[in-house]
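Right, one structure below, let's go through it.
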Amino acid sequence: MNDTLPNESEAFRYFLDICEQTAYKYGVKPIFVPILEETALFKRSVGESSDIVGKEMYRFTDKGENDVCMRPEGTAGVVRAFVQAKLDRAGGRHAWYYWGPMFRYERPQKGRLRQFHQFGVEIFGEADITEDVNAICMIADIFDVLEIKFSVKINSLGCNECSPSYRQKLVAFLENIKHELCEDCHRRIITNPLRTLDCKVEKCKAHLVSAPKITDNLCLSCENDFTKLQKLLQLKNIPFEVDKNLVRGLDYYNKTAFEFTADTGGSQNAVAGGGRYDKLVEFLDGKPTPAVGFAIGIERVLPLINVAEEKRDGLYLCTTIESELETIFLRGLELRKHFVTHISYDTKQIKNHLKNADRSNALLFVCIGDEENENGEVWIKNLRTKEESKIPQGELEQYLARILN
Ligand code: HAM
C-alpha cells in the first residue's frame, strides 16, 4: 500500500483531469460509491471462483455482525447503486465514471499493489456493440492525450446462447488432458473452465494451445457483433489484436472482453481492462439491462506520464526588517485571496530568502528591504526570467494581477 507524495500526486491529479475532461466529452457523469460493501455483492458479481474473491479480499465482520469487505473493484458497487436507485426501471442510457482506491490481497510486486486506484466507467442501457467501441475509444483518447503508446487485446466470450455448449466442449477437452494440468486448473475445470485458458503455468499453457476457442464457437449474433467491433476499431485506427485466450479475471463478462497494454518493459503492463456485462444488473436483482465498462489502473499509468516541467506560480513574499513581519504576514493573507502566496515568517538574509522562494516554485520574489521600506517600494524578481524591478507598494496588486493572472 503506497503513499502518494507530492512528486507523484501532481501526475495523479493531471491524469484524473484528463480522464474527467474526456468523460465529460463522452457525456459520462461522476458517481461516488462506498469503499465498503457487503461481501455477498462481490461473491455474486465478480464470482466465488475468481482469485479476486477466492483469495484476495480484505474481508471482515463489522460490529453489527455484517460480513463486509473493502471493494476489490468498482463495477459491482456501481451496479448495486444503479439497481438501488431504481434506474434500471427508468430505462434509457446512464453513463457514469468513478475513481478511487481498490483493495486486493495480492502478492505485491512492481505494478501490483494491495491498495491501488482505478478510474472506471460503467455505461448502462445500450445493447449495441457500438457502445463497446465507444468505451474503447474513450480509453484510447485518454492515452492519446497523455502520449502513452498502447495496444488493445480483444476477445468475445459469447452469450447465454453459445457459451454453455462451448463450455461443454472445453470441459471435455480439459478432462482428457487433466493429468497434465496444475492443481488450480483441476479446480477451474469444475468452477470456471474458461479460466484455465488464462493459466500462467508454462506446462498448462503448452497443453492449452490446442484447446477449443470460444471465438470459433460463437452463435451468429455474437459473431456478427465481434466482426462489427473489429471493423469499427479498424476504421478508428485503434491498434488491436484478437487474443482468443483473453478471458479476464472476473466472472460477469459476456461478449466483448478487452485489455489495454502499454510498453512498460515490465510484466504488469495491463493498464486497463473491461468488457460487456449484460447479465449483471439482472443478476443483482435489477431489471435486465445491457452494460459495458472499463477501469484504468492509475498506478500503472503514472510512471508513463510526462508531467510538464515544474510549473512556477504565485509569489514569495518576504522582508528583511523585523518590525515589518506582521505587516507582511497580513498583506500576504490578503494577497492569498487572489494569488498563490508563500509568506516568509522571518527575516533571513536575501540569499536565503531567494533559495526558499526557488524551492517553493514561486514565479515572483517580492521583498521589502530597508531601502524599499524607506522609499515606499517593493523589490520584485521574476524567478523564471531573472528580471528585477522596483515598484511603489501601492501598485503591487495590479502588478501581480498583470503577471500572474
Ligand atoms: P481489472 O482488469 O481487474 O478490471 O482491473 C483494471 C485495471 O486495474 C488493470 O488493468 C490494472 O491496470 C489495474 N490493477 C488491477 N489490479 C491491480 C493491482 N493489484 N495493483 C495495481 N493495479 C492493478 C476491473 O477491475 C473491472 N472492474 C473493470 C471493468 C469495469 N469492467 C467493466 N467495467
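Just so it is clear, the model here is predicted, and its values are computed rather than measured. Note that ligands are numbered from 1 as they come in the structure, with each ligand's atoms numbered from 1 the same way. Starting from 1, each residue takes its place in the sequence as its number.
The closest side-chain donor-acceptor pair between Tyr58 and Gln115, if any, does not fall under 3.5 angstrom. A donor atom on one side chain and an acceptor atom on the other are not found under 3.5 Å apart for Asp243 and Asn155.
At a 3.5 angstrom cut-off on N or O pairs, Ala270 counts as close to ligand 1. Polar contact with ligand 1: absent for Gly274 (N/O pair, distance under 3.5 Å). For the pair Arg104 and ligand 1, the shortest N or O to N or O distance falls below 3.5 Å. Distances between N or O atoms of Tyr98 and those of ligand 1 include no value under 3.5 Å. Ligand 1 has no N or O atom lying under 3.5 Å from any N or O atom of Gly74, backbone or side chain. Checked against a 3.5 angstrom limit, the closest N/O atoms of Tyr277 and ligand 1 fall outside it.
Using a cut-off of 4.0 Å between Lys/Arg side-chain N and Asp/Glu carboxylate O, Arg195 and Asp251 are scored as salt-bridged. With salt bridges taken as basic N to acidic carboxylate O contacts below 4.0 Å, none links Asp88 and Lys86.
With Glu259 as the partner, the salt bridge (charged side-chain N to carboxylate O under 4.0 Å, His left out) test is satisfied by one option alone out of Arg248, Lys153, Arg300: Arg248.
His353 places a side-chain N or O within 3.5 Å of a backbone atom of Thr319 that can act as its donor or acceptor partner. Not one N or O on the side chain of Lys55 forms a donor-acceptor pair closer than 3.5 Å with the backbone of Val53.
Counting the atoms of ligand 1 from 1 in the order shown, those under 4.0 Å from a heavy atom of Val271 are 10 (O), 12 (O). For ligand 1, the atoms sitting less than 4.0 Å from at least one non-hydrogen atom of Gly297 are 7 (C), 8 (O), 12 (O), 13 (C), numbered in the order shown with element in parentheses. For ligand 1 and Glu73, the ligand atoms under 4.0 Å from any heavy atom of the residue are 25 (O), 26 (C), 27 (N). Numbered from 1 in the order shown, with element, the atoms of ligand 1 that lie under 4.0 Å from a heavy atom of Gly273 read 10 (O), 28 (C), 29 (C).
At least one heavy atom of Ala272 lies less than 4.0 angstrom from ligand 1. Proximity of Glu299 to ligand 1 is not established, as no heavy-atom distance is less than 4.0 Å. Ligand 1 has Arg248 within reach: a non-hydrogen atom of the residue lies less than 4.0 Å from it. Assignment of Gly111 to the shell around ligand 1 is supported, since a heavy atom sits closer than 4.0 Å.
The part of Leu250 lying near ligand 1 is the side chain, judged by heavy-atom distances below 4.0 Å. When non-hydrogen atoms are compared, ligand 1 lies under 4.0 Å from the side chain of Arg300 (C-beta onward) but not from its backbone.
Tyr252 OH, 3.3 Å is the protein heavy atom nearest to atom 26 (C) of ligand 1. Here the protein heavy atom with the shortest distance to atom 31 (N) of ligand 1 is Tyr253 OH, 2.6 Å. In terms of protein heavy-atom proximity, atom 30 (C) of ligand 1 is nearest to Thr75 OG1, 3.0 Å. Protein heavy atom closest to atom 24 (C) of ligand 1, with residue, atom name and distance, is Gln118 NE2, 3.9 Å. Closest to atom 19 (N) of ligand 1 among all protein heavy atoms lies Glu106 OE2, 2.6 Å.
Of the listed residues (Phe116, Tyr105, Phe260, Phe103), the one carrying the non-hydrogen atom nearest atom 14 (N) of ligand 1 is Phe116. By heavy-atom distance, the residue among Lys110, Glu259, Glu122 lying nearest atom 33 (N) of ligand 1 is Glu122.
Between Tyr98 and Phe32, the distance separating the two ring centers is not shorter than 6.0 angstrom.
Within 6.0 Å of the CZ atom in Phe60, the count of heavy atoms belonging to other residues, nucleotides or ligands exceeds 12.
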